[in-house]
Structure formats: C-alpha cells, structure tokens
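Comments concern the structure below.
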Amino acid sequence: MTLLILIIVLALIFDYINGFHDAANAIATVVATKVLTPFQAVVWAAFFNFLAYWVFGFGVADTVAKTAHTMEINLVVILAGVIAAICWNLLTWWLGIPSSSSHTLIGGFAGAAVAHAIAVHGFSGYVGEDGATHYWYEIVSWYKAGKDGGMPSGVIIIIAFIVLAPLLGALASYLISIWLLNASRKSIGPKIFTVALMLATIWFVYVQMVSYEEIVEHGKPRFESHFWSVVFDSHNIKWFLVAFIVLTVSAFCLIFSSLNLHQADAALKKMQLLSSAAFSLGHGGNDSQKVMGIIAAAVAVYINTNPGVHMDAWLDVVLPNDDAGIKGVMPSWIPLACYSAIAAGTLSGGWKIVKTMGSKITKVSSFEGVAAETAGALTLYFTEHLKIPVSTTHTITGSIIGVGLTKRVSAVRWGVTVSLIWAWILTIPISALLAGLVYFILSVFI
C-alpha cells in the first residue's frame with residue numbers, strides 16, 4: 001500500500017509539473033500580443049484548466065491506463081515510468097523545449113513495462129495463462145482495433161498522432177486564417193459561406209447530442225432536472241463548446257468587413273480571451289486524464305498483485321472493459337486532485353517555453369492568436385472525443401505554424417521548428433529507455 005500511495009503522490013507531482021511545463025501552450029499567444037500580462041494569463045489558463053473537471057469524461061484516462069497489460073506488470077513498473085517522466089519533463093522545461101508531457105508519461109510507462117517483461121521472461125517466448133506463446137514486446141498494447149468499426153487504440157495510434165495532431169492543428173489554423181482574411185473583405189461570398197457554416201455547425205452538434213434516456217442508461221444523471229442533465233452531460237457539453245466557439249467566430253466574421261482597423265484589433269483581442277480559455281479547457285481535460293489513467297492503472301495492478309485485498313472506497317477504481325461489459329469506476333477525488341494539480345502547475349507558469357512558443361516560431365498578432373488557439377482547441381476536443389491522448393504542445397505548435405504559413409513560408413522560423421520536431425520524435429524513446437533504466441535500478445531495492 002505504501003508503494004501505491006507513493007505512486008499516486010508522484011503522479012500528482014508530475015501533473016503539477018505538466019501544468020507549468022505546458023502553461024505556455026495556452027498563454028504564449030495572449031502574452032505575446034499583450035492581451036494579458038503574464039500573471040493574468042496564467043490565472044486565466046489555470047482557472048479553465050480546473051473548469052475542465054466538469055466538462056470532460058474519462059476516455060483518454062482509460063486509453064493511458066491500458067498502455068501496458070496491467071495483469072502482467074507490478075507497481076515498480078508504474079513507479080519507474082512516473083519517475084522517468086518527471087525527470088524528462090524537468091530537463092526539457094529547464095532547456096526551454098516544449099516537448100510533450102503526454103508522450104513522456106506514455107513512453108515511460110511502456111518502457112518500464114518492456115523492461116519488466118525482459119527481466120521476468122527474457123527475450124525468448126513464454127507460455128501465458130491463456131496457453132499461448134507470448135513475447136516480451138507484447139506486454140505493451142501496441143494496437144487494438146476499434147469496437148464496431150470505431151477508432152482503434154494503442155501506442156501505435158498515439159505515436160501516429162505525434163505527426164497527425166500538429167498537422168490537424170496546422171490545417172485547421174490555416175483554414176480559419178483564410179476564412180478570417182476573406183471575411184474582412186466587403187463581398188457577399190464570405191458571408192454566405194459563414195451563414196452556411198453556422199447552420200451546418202448547429203445541425204452537426206444537434207446530431208451529436210446524447211438524450212436523457214441514453215444518459216440514464218449509461219450512468220447516473222448529474223441533476224434531477226432532465227434539461228440540466230442533458231446540458232451538463234460531459235459528452236454534450238463538449239459539443240456545446242464546439243458550437244459556441246464556431247458560432248462566436250462566425251458572428252465576428254459577419255461584421256468583420258464593417259470594422260475599421262482599430263475596432264477589428266480590439267475585437268480580436270477580446271476573442272483571444274475566448275480562444276485561450278477554450279484551449280485551456282482542452283489542455284486541462286486532455287492532460288489531466290493521462291494522470292488519472294496512471295493512478296487507475298496503479299490501483300488495478302495493486303489489486304492484481306494482492307488477490308483478495310479489500311480496497312477502501314476512496315481507492316475503489318475499476319478499469320472499464322467494453323468486451324466484458326464492465327463499466328469504469330473512479331472515485332471523484334482522483335479527477336478533482338488531477339485537475340487541481342495541473343491548474344496549480346499552470347499558475348506557476350513556464351516562462352522559458354512561453355518565449356519559444358510566443359515569439360521564436362513565428363511573430364504572432366491577435367489575428368494569428370485567435371486562429372491558432374481556436375484551431376488548437378477544436379483539435380483537442382475532437383481527439384478527446386476519440387479517446388486519443390494527443391500532445392497539447394504538438395497541437396498548438398502546429399496551429400502556430402499554420403497561421404504563419406498564411407503570410408509566407410519564410411514567416412515560420414524553420415530552424416526552431418525542426419529542433420522542436422526532433423524533441424517530439426525523441427521524447428517517447430528517450431523516456432522509454434530512461435524508464436527501463438530506472439526500473440532495473442528500483443528492482444534492486446524494491
């Protein structure tokens with residue numbers, strides 16, 4: 001039990017470090033454009049990091065918890081993974097490199113699991129409980145097909161989104177920038193497009209809504225009132241936010257051409273507060289869930305390695321299993337503690353990375369800030385919906401590059417960007433190797 005408590009404490013410390021390491025993701029553009037002072041910006045971002053507690057479910061947490069097969073590992077594996085993730089995060093923060101805290105954690109977890117499998121079984125095959133022959137590398141959940149043709153999961157999918165997340169962010173921010181640029185012209189075409197987009201958004205979000213009957217079927221409603229239960233359902237509220245963001249930008253596009261330069265700049269700075277808040281919500285919802293997943297995996301491993309143990313209610317965690325029809329259970333203190341830790345970390349700020357994100361990649365104005373943060377937020381909401389733990393760092397960096405490309409290719413400082421990409425590529429393997437080393441060291445003493 002002592003080791004389990006230590007893992008939970010270290011996981012929350014990692015969550016805090018994640019907050020100040022990734023604070024730049026949400027505040028870099030509002031600080032660079034002087035919409036908010038650095039202190040105001042971190043308070044703003046921290047508030048919406050914490051607010052994400054009431055917005056998002058636990059889909060990403062479930063994906064992270066199943067990075068390695070919990071029936072085949074012990075608590076030392078998870079401890080080694082968390083320690084390695086903390087070390088790599090602190091190093092990249094010290095160097096001012098906006099690496100991915102998400103991939104650091106997943107790489108550490110997977111690397112320690114592989115080290116454990118090699119230590120126990122070696123490199124040769126072994127017969128598992130199912131009677132089949134298994135190998136050391138199978139301890140990690142590399143790929144799992146989606147249920148009923150849904151989105152597949154596994155470490156390979158997470159690795160794929162190292163490339164896909166920034167590309168999606170860049171594409172979305174580029175398209176939003178082009179949309180805003182055309183909306184500034186006094187012609188009817190952009191306005192027709194904007195109205196059509198508003199109608200399409202309303203229809204799409206309406207189709208995605210979950211009814212009260214479905215909420216009751218899948219769990220306890222948050223309120224006695226049918227209306228408020230539907231409005232504040234974690235699935236529905238994400239789509240309401242998507243609609244609110246798109247409709248707000250659309251409303252601005254409809255009046256953009258009638259504003260003078262001063263009025264347009266003032267309006268864009270106010271919209272940056274909205275886009276920054278939206279991205280901070282996505283950051284909190286995406287990254288806090290990864291720590292929830294690690295804590296849930298630690299509890300599952302503790303139960304597996306201590307059969308018959310009685311768990312107190314505050315540690316009564318059950319990982320969901322769609323194949324077996326088992327619904328997940330997570331005590332409310334875990335998400336509350338995780339969201340509080342990341343919000344506290346964001347409040348501490350990460351000024352070295354703010355400088356990299358806010359000015360070194362490309363010069364950012366209020367116009368570019370709105371486009372980048374809006375694109376980043378929408379990307380995070382959609383990937384969270386698909387239960388894919390993507391990097392908020394990669395997403396916003398890609399979004400900033402996307403708005404830079406609307407000016408000209410040379411507007412992006414590619415030397416800085418290439419350095420960041422190398423950091424992204426190396427994060428998972430270095431974290432995995434470091435976690436493997438930590439595992440072997442810890443195994444000597446524990």
Side-chain angles (χ1 to χ4, degrees), residues 26 43-62 150 197-251 270-271 273-289 291-293 296 313-314 316-318 320 322 325-343 346 373-374 377-387:
V43 172
W44 182 257
F47 173 74
F48 285 98
N49 275 171
F50 182 74
L51 198 64
Y53 169 70
W54 286 276
V55 176
F56 295 96
F58 307 124
V60 171
D62 179 40
L197 181 63
M198 293 172 78
L199 294 174
T201 300
I202 293 170
W203 172 81
F204 177 78
V205 171
Y206 176 76
V207 170
Q208 297 298 320
M209 289 294 101
V210 174
S211 67
Y212 181 78
E213 288 71 23
E214 291 176 287
I215 294 171
V216 172
E217 182 182 346
H218 291 95
K220 185 179 178 181
R222 290 187 174 184
F223 302 92
E224 292 184 7
S225 165
H226 288 207
F227 176 78
W228 292 116
S229 293
V230 171
V231 170
F232 286 102
D233 177 74
S234 60
H235 173 88
N236 290 346
I237 199 168
K238 280 183 295 188
W239 295 115
F240 285 137
L241 285 169
V242 168
F244 179 73
I245 293 166
V246 175
L247 295 177
T248 301
V249 176
S250 299
K270 289 178 181 177
M271 285 180 63
L273 294 175
L274 168 66
S275 60
S276 175
F279 189 85
S280 294
L281 271 173
H283 173 221
N286 200 283
D287 283 24
S288 290
Q289 284 191 57
V291 177
M292 290 182 221
W314 68 281
D316 184 19
V317 177
V318 177
D322 294 336
I326 299 173
K327 294 181 180 179
V329 175
M330 187 174 293
S332 58
W333 74 266
I334 295 178
L336 192 59
C338 290
Y339 283 112
S340 298
I342 200 169
T346 299
E373 288 164 348
T374 301
L378 293 175
T379 303
L380 288 180
Y381 293 172
F382 278 101
T383 52
E384 197 279 338
H385 174 67
L386 296 173
K387 301 181 181 180

Take Trp333 and Ser340, measure what side chain to side chain contact (heavy atoms under 4.5 Å, CB included) needs, and give me the verdict at the end.
CA-CA 10 Å; Trp333 74 266; Ser340 298; over 6 Å; no

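Remark: Lys270 NZ to Thr248 OG1 distance equals 14.0 Å, nearest 0.5 Å. In this structure, OG1 on Thr201 lies 11.0 Å from CH2 on Trp203, to the nearest 0.5 angstrom. Atom-to-atom distance recorded for Leu380:CG and Leu281:CG is 10.5 Å, nearest 0.5 angstrom.
Taking the side chain as every heavy atom from C-beta outward, Ile342 and His283 approach each other to under 4.5 Å. Contact check for Ser229 versus Asp233: no side-chain heavy atoms found under the 4.5 Å cut-off. In this structure, the side chains of Phe56 and Ile237 stay at 4.5 Å or more apart for every pair of heavy atoms. Contact of the Leu336 side chain with the Phe50 side chain is registered, since non-hydrogen atoms from C-beta on lie closer than 4.5 Å. Counting heavy atoms from C-beta outward, Val55 and Leu241 have side chains that approach closer than 4.5 Å.
Closest of all the heavy-atom pairs between Gly285 and Ala52 is N-CB, 3.5 Å. Scanning all heavy atoms of the two residues, the minimum distance from Ala377 to Phe279 falls at N-CD1, 3.5 Å. Residues Thr374 and Ser275 come closest through the heavy atom pair OG1-CB, 3.5 Å. Nearest heavy-atom pair across Ser211 and Val230 is C-CG2, 4.4 Å.
Remark: Met292 engages Phe58, Ala61, Ser288, Gln289, Met330, Ile334, Pro335, Cys338, Tyr339 in a side chain to side chain contact (heavy atoms under 4.5 Å, CB included) (not counting sequence neighbours). Qualifying side-chain hydrogen bond (donor to acceptor under 3.5 Å, both in side chains) partners for Thr383, counting only residues two or more places apart in sequence or in other chains: none. Residues meeting the ring-ring contact (aromatic ring centres under 6.0 Å, His included) test with Phe382, sequence neighbours left out: Trp239. The ring-ring contact (aromatic ring centres under 6.0 Å, His included) check on Tyr212 picks up His226, with sequence neighbours excluded. Shown here are the side chain to side chain contact (heavy atoms under 4.5 Å, CB included) partners of Leu199, two or more places apart in sequence or in another chain: Val195. Residues passing the side chain to side chain contact (heavy atoms under 4.5 Å, CB included) test with Phe227 are Ser225, Val231, sequence neighbours excluded.
Here salt bridge (Lys or Arg N to Asp or Glu O under 4.0 Å) pairs that include residues 236-247, with residues two or more places apart or in two chains, are Lys238-Glu384. Sorted by first and then second residue, the salt bridge (Lys or Arg N to Asp or Glu O under 4.0 Å) pairs involving residues 240-249 (not counting sequence neighbours) form an empty list.
Side chain to side chain, Ser280 and Asn49 fail the donor-acceptor criterion of an N or O pair below 3.5 Å.
Checking side-chain atoms of Asn236 against main-chain N and O of Val210 turns up a donor-acceptor pair under 3.5 Å.
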